[in-house]
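Have a look at the structure below, then the notes.
Keep in mind that what you see is a predicted model, and the values were worked out from it rather than measured.
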Amino acid sequence: MTDERVATRLPGSGNAALVAGALIQAVLGLQFLLGGLNKLFLADYVARFRDFVATSPGAQSSILSPAIHALVLPNVAIMAQLARLTELGAGLVLLLAAAEVARRRLAGPLGQQRRYEPAVALFGAAAALTLGGLSLTIYLLQGGSVPAVNPALAFAPPIPIELFNVPLALGVAWLELGRFRALSGPSGRFALAARTELLMLAVLLVAGLAACGGSAASPPPGSTQVSMIDYRFTPSTFEVKPGSVTFFLINTGTQPHDMLIADPTGRIVARSETVQPGNSAVLTVKSLGAGSYQLYCDIPGHKQSGMVGTLQVG
């Protein structure tokens, strides 16, 4: 009995790999769980979601554009709630699955195998694939392209967090699928489910690579480029002619930013989407009349830190 237990014991390197994988899984799950909670407590979340989707570069020119205009925008309230619940639910599932991996590393009765483990592993793989797909969708919606050498990002993340999440999610899904197969065996309905998950994994990876290859973001012709750096706009003062004005915003800092334009009375006339570090966005303002406008970042604390500017129209 002793020899059999020693022969089947997981090598120390295998335990270390599982623990490391569980840690990555827990961090990924916590990130999306907190993201979902942030959306849950945001009072005007649906309006912000609509503005984010409608003004994103990917909504105008990407493989996502037809689906956005035919499905998302006409049902924006439902889609906003679905996005929020997806982050909350899938993030929680990843945390629970990571806790289960950690539990099995314990000695004694607490670390023994349970009958529910295959289901937890399968749900964990599905949650990771879902969040990987969600991250890739957000990245494409923001006009993301394949990472390349860019001097403007010398002091910012060269790979945006949305794109960085995709391979992490795929790795977590692979880990959970391996646990699923080891716990349930490769026969019967479990084998079919495992093959289905593997097919989904391959499709997501291929689709992501293909989509990234064809969605490069570039400044629209005639646009004014604005760098968003912690905590300032560069340049911070602009002079434009009345009419339609297009800004190309690029976040070269380490914090997310947006840009609001307010008239002399304080009324907001335009609001950009939230631009994550290393990403860009396009903000177009139509029928802008002559006068002096204030620019500022609406992320809590950023305006107070000096992230303001002036727009002179005339």
Side-chain angles (χ1 to χ4, degrees), residues 18 20-42 45 48-49 52-53 56 58 62-64 67-68 71-72 78-102 118-142 144 147 157 159-180 193-194 196-212 215 256 273-274 276-279:
L18 281 172
L23 179 60
I24 295 173
Q25 183 169 339
V27 171
L28 192 65
L30 182 62
Q31 175 192 342
F32 281 98
L33 179 62
L34 291 176
L37 289 173
N38 288 341
K39 293 176 176 61
L40 185 64
F41 291 103
L42 182 62
Y45 164 66
R48 291 287 191 100
F49 179 88
F52 169 78
V53 174
S56 294
S62 77
I63 61 172
L64 301 177
I68 290 171
L71 182 62
V72 178
I78 296 175
M79 292 300 175
Q81 299 300 335
L82 182 61
R84 177 161 57 186
L85 293 175
T86 297
E87 288 196 30
L88 282 170
L92 181 60
V93 169
L94 282 190
L95 278 176
L96 293 176
E100 187 62 23
V101 174
V120 172
L122 191 60
F123 277 111
L129 286 172
T130 300
L131 294 178
L134 181 63
S135 292
L136 183 59
T137 299
I138 295 173
Y139 182 69
L140 295 177
L141 193 61
Q142 293 177 332
I159 301 179
I161 186 63
E162 292 84 7
L163 186 60
F164 192 71
N165 283 338
V166 176
L168 290 182
L170 293 177
V172 169
W174 190 268
L175 170 67
E176 288 297 332
L177 282 173
R179 286 206 323 120
F180 171 78
T196 302
E197 293 286 342
L198 285 171
L199 178 61
M200 291 173 59
L201 184 67
V203 169
L204 178 62
L205 180 59
V206 173
L209 292 175
C212 285
S215 60
E273 64 180 271
T274 299
Q276 298 296 330
N279 286 358

Student check: side-chain heavy atoms of E162 and T137 closer than 4.5 Å: no

Shortest non-hydrogen contact from A90 toward A127: O-CB, 3.7 Å

Residue pair A98 / Q25: nearest heavy atoms and the distance that separates them: N-NE2, 3.4 Å

Contacts of Q276 that satisfy side chain to side chain donor-acceptor pair (under 3.5 Å) - sequence neighbours left out: none

Set of side-chain contact (heavy atoms from CB on, under 4.5 Å) partners for L95, sequence neighbours left out: A26, L30, L33

For L134, all residues meeting side-chain contact (heavy atoms from CB on, under 4.5 Å), sequence neighbours excluded: F32, T86, E87, L131, I138

More than 12 heavy atoms of other groups within 6.0 Å of L37 CG: yes

Over all atoms of both residues, closest heavy-atom pair of A22 and V101: CB-CG1, 3.8 Å

Nearest heavy-atom neighbours spanning P256 and T274: CB-CG2, 3.8 Å

Working for side chain to side chain contact (heavy atoms under 4.5 Å, CB included), residues I24 and L175: CA-CA 11 Å; I24 295 173; L175 170 67; over 6 Å; no

Shortest non-hydrogen contact from V172 toward A128: CG1-CB, 3.8 Å

All side-chain contact (heavy atoms from CB on, under 4.5 Å) counterparts of L96, not counting sequence neighbours: L92

Shortest non-hydrogen contact between A97 and R179, atoms and distance: O-NH2, 4.3 Å

Pairwise distance CZ(F49) to CD(Q81) - rounded to 0.5 angstrom: 9.5 Å

Partner of S135 under side-chain contact (heavy atoms from CB on, under 4.5 Å), chosen from L140, T130, L163, N165: N165

R84: partners by salt bridge (charged side-chain N to carboxylate O under 4.0 Å, His left out), with sequence neighbours left out: none

Test item: K39 and R48 side chains (from C-beta on) under 4.5 Å apart, heavy atoms: no

Residue list, side-chain contact (heavy atoms from CB on, under 4.5 Å) with F164, at least two apart or on another chain: I159, I161, L168

Sidechain-backbone polar pair: Y45 side chain, A80 backbone, donor-acceptor under 3.5 Å: yes

